[in-house]
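The figures here come from the full heavy-atom set of this structure, side chains too, leaving out hydrogens, waters and symmetry mates. Every number for a ligand or one of its atoms is a count from 1 in the order of the listing.
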Amino acid sequence: MSEDRKNKKDKAGEAGEAAVPRHIAIILDGNGRWAKKRGLPRTAGHAVGSENFRKIALYCRDIGVDYLTVYAFSTENWKRPETEVNTIMKLLEKYLHEAIDTMERDRMRMQVFGDVSGLSPRLQELVKQTNEIASRFEGFTANICLNYGGRDEIVRAAGKYAADLVAGRAEGELSEELFSSYLDSAGTPDPDLIIRPGGEVRISNFLLWQGAYSELYFSDVLWPDFGTSELDKAIAEFNNRNRRYGNVG
Ligand code: IPE
Ligand code: IPE
Ligand code: MG
């Protein structure tokens with residue numbers, strides 16, 4: 001547990017305040033509509049959305065969240081017009097570049113989930129460097145889902161397990177725990193809370209395995225407008241939920 005989280009949890013205990021979820025996941029949706037409302041190109045929404053990610057990630061770190069996982073580009077988002085895809089890829093490159101320079105200073109580990117082999121060689125190199133830096137220290141972790149799809153992640157995990165089995169590197173007895181270790185999220189606890197801003201009430205192929213018992217929170221606020229007070233609201237609602245995991249209350 002991070003020091004921040006420990007302090008926050010201790011304080012919460014003393015004051016009878018709400019606890020902070022250990023792992024929050026967010027579907028970053030609504031950038032295009034945010035821009036359209038302002039008469040701007042959709043790509044302008046992606047630029048503001050990417051700045052908002054930085055703000056929310058630092059806030060999560062400061063309030064004692066241990067893991068933040070964000071859905072930035074899905075395996076289905078390649079269907080979009082080429083100019084929009086190119087702009088998103090440029091923004092991601094810029095973001096990872098900056099992260100490489102600042103993550104150690106900011107005590108923010110950044111990791112990428114998704115099928116990295118489908119990204120440009122330049123992005124693949126940046127992802128490699130980012131993951132390498134993240135392996136050097138501990139603490140708050142932000143996972144960025146890039147060319148990510150829940151189904152694709154499960155299929156890739158099954159393929160990796162099958163290859164290990166054939167090579168004699170894996171046990172024949174497959175358990176949920178063993179299977180989880182082949183997912184991109186290996187070693188990360190399941191999300192406690194999944195938030196979707198932007199008004200749509202669906203999962204859109206996000207964390208299908210890991211979200212089995214996550215609490216879901218939907219908001220009409222578009223992602224570029226989803227500030228820290230909106231996050232506080234989501235956490236407050238999370239604290240009013242009763243998680244039963246199939247048991248009785
Ligand atoms: C989310 O915003 C960003 C990505 C999916 C890359 P959208 O671009 O989906 O914005 P809307 O939903 O069209 O408003
Ligand atoms: C989900 O948003 C994917 C990301 C935010 C990366 P979409 O905008 O792609 O989802 P749909 O098409 O509305 O389901
Ligand atoms: Mg959308």
So, is Gly32 polar-close to ligand 1, with some N/O to N/O distance under 3.5 Å? yes

Using a plain distance cutoff, I'd like to know if Glu200 has any nitrogen or oxygen under 3.5 Å from a nitrogen or oxygen of ligand 2. no

Going by the 4.0 angstrom heavy-atom rule, the piece of Ala72 near ligand 1 is backbone

Taking the Mg ion (ligand 3) as the reference point, name the nearest N/O/S atom of Asp29. OD1

Look only at interatomic distance and state if Asn31 has a nitrogen or oxygen under 3.5 Å from any nitrogen or oxygen of ligand 1. yes

Glu138 with Arg109: basic N within carboxylate O range, under 4.0 Å: no

For ligand 2, note which part of Phe73 has a heavy atom under 4.0 Å away: side chain, backbone, both or neither. backbone

Ring-plane angle category for Tyr71 and Tyr148, please: parallel below 30°, perpendicular beyond 60°, tilted otherwise. perpendicular

In terms of residue, atom name and distance, what is the protein heavy atom nearest to atom 7 (P) of ligand 2? Arg80 NH2, 3.8 Å

Between Asp190 and Gln210, do the side chains contain a donor N or O and an acceptor N or O under 3.5 Å apart? no

Step through it carefully: locate the ring centre of Trp223, locate the ring centre of Phe53, and say whether they are under 6.0 Å apart. no

Note the single closest protein heavy atom to atom 10 (O) of ligand 2, along with its residue, its atom name and the distance in Å. Arg196 NH2, 3.3 Å

Any atoms of ligand 1 less than 4.0 Å from a non-hydrogen atom of Ile88? List them with their elements. 6 (C)

Of the non-hydrogen atoms in Met110 and Ala99, which two are nearest, and what is the gap between them? CE-CB, 3.1 Å

How far is atom 11 (P) of ligand 1 from its nearest protein heavy atom, and which residue and atom name does that atom have? Arg33 NE, 3.5 Å

Is the Mg ion (ligand 3) less than 2.8 Å from an N/O/S atom of Glu200, whether that atom is in the backbone or a side chain? no

Say whether Leu92 and Ile100 are linked into one hydrophobic cluster, either directly or through other cluster members, by side-chain heavy-atom distances under 4.5 angstrom. yes

Is the charged tip of Arg38 near the ring of Trp34: under 6.0 Å from the six-membered ring centre and within 45° of its axis? yes

What residue among Asp192, Asp66, Thr69 forms side chain to side chain donor-acceptor pair (under 3.5 Å) with His23? Thr69

For ligand 1, note which part of Arg42 has a heavy atom under 4.0 Å away: side chain, backbone, both or neither. side chain

Can you tell me the protein heavy atom closest to atom 14 (O) of ligand 2 and the distance? Ser204 OG, 2.7 Å

Starting from atom 5 (C) of ligand 2, locate the nearest protein heavy atom and write down its residue, its atom name and how far away it is, to 0.1 Å. Leu28 O, 3.4 Å

Tell me the contacting part of Lys37 for ligand 1: side chain, backbone, both, or neither, using a 4.0 Å heavy-atom threshold, strictly below. neither

One finds that the ligand 1 atoms under 4.0 Å from a non-hydrogen atom of Asp29 are 1 (C), 2 (O), 7 (P), 9 (O), 10 (O), 11 (P), 12 (O)

Taking 4.0 angstrom as the limit and counting only heavy atoms of Arg202, give me the atoms of ligand 2 inside it, by number and element. 11 (P), 13 (O), 14 (O)

What protein heavy atom sits nearest atom 9 (O) of ligand 2, and how far away is it? Asn77 ND2, 2.9 Å

Could you label the plane-to-plane angle of the Tyr161 and Tyr182 rings as parallel, tilted or perpendicular, counting under 30° as parallel and over 60° as perpendicular? perpendicular

Does Gly198 reach ligand 1, in the sense of a heavy atom lying below 4.0 Å from it? no

Cluster overlap Leu28 with Met108, hydrophobic side-chain contacts below 4.5 Å: yes

Given Leu183, Leu146, Thr188, the one that forms side-chain contact (heavy atoms from CB on, under 4.5 Å) with Phe113: Thr188

When you check the gap from the basic side-chain N to the acidic O, do Arg54 and Glu51 get nearer than 4.0 Å? yes

Run the contact test for Lys36 against ligand 1 with a 4.0 Å cut-off on heavy atoms, strictly below, and give the result. no

